[in-house]
Protein chains: 2
Amino acid sequence: MAANSRVTIAAHALAWLELARQRGRPWMTSDEVAASVKTNPVILRRSLGDLHKAGLVRSRRGAGAGFSLARPAEEITMLDVWNAVSPEPLLALHRTEPNQECPVGAGIKPALTDTYDEATEAFRAALARRTIAGILEKILNT
Amino acid sequence: MAANSRVTIAAHALAWLELARQRGRPWMTSDEVAASVKTNPVILRRSLGDLHKAGLVRSRRGAGAGFSLARPAEEITMLDVWNAVSPEPLLALHRTEPNQECPVGAGIKPALTDTYDEATEAFRAALARRTIAGILEKILNT
DNA sequence: TGCCATCGTAACCAATCCTATTACAACTAT
DNA sequence: ATAGTTGTAATAGGATTGGTTACGATGGCA
């Protein structure tokens with residue numbers, strides 16, 4: 001399938017940063033996070049870069065560098081994560097403009113946009129109810 | 001972006017079939033529907049084929065063939081359409097298995113699955129509140 | 001019976017996107 | 001100055017998407 005796994009990667013990284021913080025390791029390198037996710041460090045630097053732009057993590061360069069959470073894990077929701085890494089709409093309209101001379105073709109876009117926006121908003125609201133702290137708690141109690 | 005537009009194509013086709021029916025043309029060929037969507041007839045036959053398997057449309061072969069709605073447009077929801085044409089999950093888990101020796105890697109999958117299922121269910125519930133009849137009505141009143 | 005319009009589907013293509021990988025300049029604690 | 005790490009560009013293989021051509025299967029109708 002084509003759906004990307006960036007939200008998953010980012011949530012994993014954030015949960016791991018929070019667990020490390022609780023264990024007294026507030027700064028983690030992209031190599032260390034990549035080892036937990038089991039992928040390439042560059043993937044993590046890109047993902048953490050998105051989270052950095054969104055203000056969810058801090059980064060330090062130079063020797064002894066790394067990443068750490070920029071806010072308490074209780075205040076980072078899955079919606080924040082989704083907003084940070086997933087700019088795509090869930091449902092796409094027509095790839096090519098429909099026939100404007102047909103009544104359906106001429107008017108369908110706003111009708112579907114309404115429906116898609118409504119469904120997307122419900123999806124976002126559900127993500128907003130979960131936090132990284134909650135995810136981590138569930139992980140540790142399994 | 002990569003999100004597919006199959007739900008849009010299918011909803012367009014269904015709304016068009018319903019409008020044609022109201023105008024006394026209960027059977028439409030894939031060529032006629034394709035003209036409204038402005039794409040290839042094969043794309044429509046594929047889409048209408050999915051809708052056929054899901055029981056939303058009927059098809060007739062031979063001379064004078066075509067497609068028509070299998071149920072009243074009031075009883076076809078956008079969730080029915082989504083179920084018929086979009087088998088993919090909205091959010092993907094890790095592409096490669098995370099590190100099982102890390103506590104986060106070992107436990108994150110069920111935690112995220114819960115969250116993703118919840119959000120997807122909210123999305124589906126929103127789609128279930130809209131029907132093809134409602135979409136068509138909105139199209140005609142614009 | 002034979003014709004012919006249309007469905008159903010396979011095969012293929014170009015474009016796009018995703019993850020992964022290599023490479024390297026920029027940066028900073030020591 | 002050195003060493004370790006971030007930030008990012010370039011590239012590649014694989015998958016998916018919409019589009020296109022082609023053709024056998026079907027079934028009204030002359």
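Keep in mind the model is a prediction, meaning the values are calculated, not measured. The sequence lines fix the lettering, A, B, ..., with proteins before strands; numbering per chain opens at 1.
- Checking each of B:I132, B:L127, B:T131, B:D50 against B:V81 for a side chain to side chain contact (heavy atoms under 4.5 Å, CB included) leaves exactly one that passes, namely B:I132.
- In this structure, A:K38 atom NZ and C:dT19 atom P are separated by 17 Å, rounded to whole Å.
- One can place NE2 of B:H94 at 17 Å from P of C:dC18, the figure rounded to the nearest angstrom.
- Atom CD of B:E121 has more than 12 neighbouring heavy atoms from other residues, nucleotides or ligands inside a 6.0 Å radius.
- In the region residues 102-110 of chain A, proximity to DNA chain C at under 4.0 angstrom, judged on heavy atoms, holds for none of the residues.
- For the segment residues 42-66 of chain A, residues with any heavy atom less than 4.0 angstrom from an atom of DNA chain C are, sorted by number, A:V42, A:I43, A:R45, A:R46, A:R61, A:G62, A:A63.
- In this structure, the CZ atom of A:R95 is 9 Å from the P atom of C:dC17, given to the nearest Å.
- The CH2 atom of A:W27 sits 14 Å away from the P atom of D:dT5 (whole-angstrom rounding).
- Closest of all the heavy-atom pairs between A:P98 and A:G105 is CG-O, 3.5 Å.
- Between the side chain of B:E32 and the backbone N or O of B:T29 there is at least one donor-acceptor pair closer than 3.5 Å.
- Distances shown here put every side-chain N or O of A:S5 at or beyond 4.0 Å from the OP1 or OP2 atom of C:dC18.
- With sequence neighbours left out, B:K38 forms a salt bridge (charged side-chain N to carboxylate O under 4.0 Å, His left out) with no residue at all.
- A:R71 meets the salt bridge (charged side-chain N to carboxylate O under 4.0 Å, His left out) test with A:D80; sequence neighbours excluded.
- Contact annotation: B:T29 does not reach the phosphate of C:dT6 (side-chain N/O to OP1 or OP2, under 4.0 Å).
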Q | side-chain hydrogen bond (donor to acceptor under 3.5 Å, both in side chains) assessment of B:R95 paired with A:S5 | A | CA-CA 7 Å; B:R95 181 163 295 206; A:S5 58; 5.1 Å; no
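- Nucleotide C:dC7 holds its P atom 7 Å from the CG atom of B:D31, rounded to whole Å.
- Residues meeting the salt bridge (charged side-chain N to carboxylate O under 4.0 Å, His left out) test with B:E74, sequence neighbours left out: none.
- Separating the CG atom of A:N4 from the P atom of D:dT17 is a distance of 13 Å, rounded to the nearest angstrom.
- Under the salt bridge (charged side-chain N to carboxylate O under 4.0 Å, His left out) criterion, B:E101 pairs with no residue at all, not counting sequence neighbours.
- Look at CG on A:N40: it is 18 Å from P on D:dT11, rounded to the nearest Å.
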